[in-house]
Amino acid sequence: MDFLPLFFKLTGKTCLVIGGGEVAVRKAGMLVSANAQVHVVAKAMTQSMTGFIEKHGCTYRLGEFVADDLDKMQLVIAATDNKALNETISQLANARNLPVNVVDNPDLCSFILPAIIDRSPVVVAVSSGGKSPVLARLIRARLETLIPSAYGELATLVGSYRERVKQKFATINQRRGFWESVLQGPVAELIFAGKEQQASQLLEKELTRQSARTQDTGEVYLVGGGPGDPDLLTFRALRLMQQADVVLYDRLVSERVRELCRRDAQMIHVGKARDKHTVPQEDITKMLVRLAKEGHRVCRLKGGDPFIFGRGGEEIELLAKEDIPFQVVPGITAASGCAAYAGIPLTHRDYSQSVRFVTGHLKDGAPDLDWKGLIQPRQTLVFYMGLVGLESICGKLVQHGMDSQTPIALVQKGTTLDQRVYTGTLESMPNDIKEEDIQPPTLIIVGDVVKLHDALSWFNT
Ligand code: SAH
């Protein structure tokens, strides 16, 4: 971050705007909207500046800027079209440790003005660090449509209850839970519908009801984090990731996905690298139960889909037994993600009628699979956890009757910027990749559909 966003209290403070043109008027307008007292210094002024000064009761001085103009100022904006003068202002202001903004010149600025979505008291500021004000404005326009205009009223209502809620609930978690239920529930809806009085009554009722509850029950969200690209998360996954106060994640969850969890959530890595189960499965399950019983909202974040080779079922069995509320959010499984991003349609009609997801995990040194069942005409096979056993998988398939020239693809780190796709045949693949530095996770796809990769691959990393 080149600039740290801060919100500056300017009520009653005197701020200097140098320049008398349209840009100066716009900047002065921002200061006035934050209740600042604006003083303008300009050699000449446009009509709109004189009108502005009159309307807002600003003070002004007509003439060249001089250093003394900075006396008693709290903040300075230089909006002149004189480059040398802007530079001088910036230097002088910096020498006095005065926050200074020079229009259209981020290098001379100690602060920059963001694009603002004003739902006071809620204010959203967007900045491109001075690199592209147009982009910041476009983002603002999108946010404008997403943030209901009544958020201001909602925040005001909530603000008036803050102290009482603090007194009623002993812990931060309880307060957070209460506010989340209010801000995402019927109270907020009533505000959006313009029914402020009803909203206030309902909030009062909720406060009595929820604070009377003695036992805090937590909840567990078993969330599929998809194969890596954060864009592939579902809306629900994102919402619950933002809501949970504890997150248990394993190695398959990409960093970019993890970064979308709530900033202040406690992040617990429970490992699960191949052959290195950092935390044994039973302990993970017990941890989920314990945390939920302590009243936490726990997100169990898993790679891909939690029910596909994810042991998600085992994790919620104990929760169900212990009567702990939970919900399951599906994720895009590695097979779908890798196939899509590698341009391999798993059931293209010309080649395949079915697809099977198979574990290539080794048992006593070899994959323990019903090979005959796997070798069917017009069927695509997808092997999860198959890299170590790749040679054995290819060998067994051929040994049990599959054509040794059947196409096969190995997708490394599918859907991420490190995605690589290797293709070959059952016969050639084990040798083809011997010299390659293959990094897990990898997925293996076997079948004629792999032929389409050359023509349909679209994701370039
Ligand atoms: N629940 C997960 C699978 C867990 S098993 C899912 O639905 O995707 C772990 C295996 O998934 C890995 O060994 C690998 O075969 C596969 N895998 C997961 N993410 C992958 C990725 N981004 N690229 C390639 N393979 C992946």
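Start at 1 and go down the list; that is how both ligands and their atoms are numbered.
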Salt-bridge test for [X] and [Y]: reply yes if a basic N is under 4.0 Å from a carboxylate O, no otherwise.
X      : Y      : value
Arg300 : Asp250 : yes
Arg256 : Asp231 : no
Arg311 : Glu315 : no
Lys195 : Glu189 : no
Asp448 : Arg378 : no

So which heavy atom in the protein is nearest [atom], and how far is it from that ligand atom?
atom                    : value
atom 20 (C) of ligand 1 : Pro441 CG, 3.5 Å
atom 14 (C) of ligand 1 : Thr442 O, 3.2 Å
atom 10 (C) of ligand 1 : Met385 CG, 3.8 Å
atom 11 (O) of ligand 1 : Tyr384 CD2, 3.3 Å
atom 5 (S) of ligand 1  : Phe309 O, 3.5 Å

Step through the shown structure and confirm whether more than 12 heavy atoms of other residues, nucleotides or ligands are within 6.0 Å of CD on Gln197.
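Open: at most 12 neighbouring heavy atoms sit under 6.0 Å from CD of Gln197.
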
Heavy-atom closest pair, residues Gly312 and Phe307
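Looks like C-CE2, 3.9 Å.
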
Answer yes or no: does an N/O atom from [X] fall short of 3.5 Å to an N/O atom of ligand 1?
X      : result
Gly303 : yes
Pro227 : yes
Leu252 : no
Gln412 : no
Gly414 : yes
Ile308 : yes

Using the benzene-type ring in the case of Trp, are the ring centres of Phe326 and Tyr221 under 6.0 Å apart?
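No, too far apart.
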
Would you say the side chains of Thr442 and Tyr422 form a donor-acceptor pair under 3.5 Å?
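The answer is no; no qualifying pair exists.
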
Would Ser428 and Thr425 count as having a side-chain donor-acceptor pair, cut-off 3.5 Å?
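The criterion, which ignores hydrogens and geometry beyond distance, is satisfied for Thr425 and Ser428.
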
Quick one: which ligand 1 atoms are inside 4.0 Å of a heavy atom on [X]?
X      : result
Val411 : 24 (C)
Thr333 : 6 (C), 7 (O), 8 (O)
Lys413 : 22 (N), 23 (N)

Between Thr416 and ligand 1, find which residue part has any heavy-atom pair under 4.0 Å and reply side chain, backbone, both or neither.
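Neither; nothing of Thr416 gets under 4.0 Å from ligand 1.
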
Report the part of Cys338 (side chain from C-beta onward, or backbone N, CA, C, O) that has a heavy atom under 4.0 Å from ligand 1; answer both or neither where that applies.
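It is the side chain that touches ligand 1; the backbone stays farther off.
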
Could you pull out, from Ala334, Gly337, Gly310, the option with a heavy atom nearest to atom 18 (C) of ligand 1?
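Result: the heavy atom closest to atom 18 (C) of ligand 1 is in Ala334.
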
Can you give each donor-acceptor pair under 3.5 Å made by side-chain atoms of residues 143-154, sequence neighbours left out, with the distance rounded to 0.1 Å?
from, atom 1, to, atom 2, distance (Å)
Glu144, OE1, Arg119, NH1, 3.2
Glu144, OE1, Arg119, NH2, 3.0
Thr145, OG1, Arg142, O, 2.6

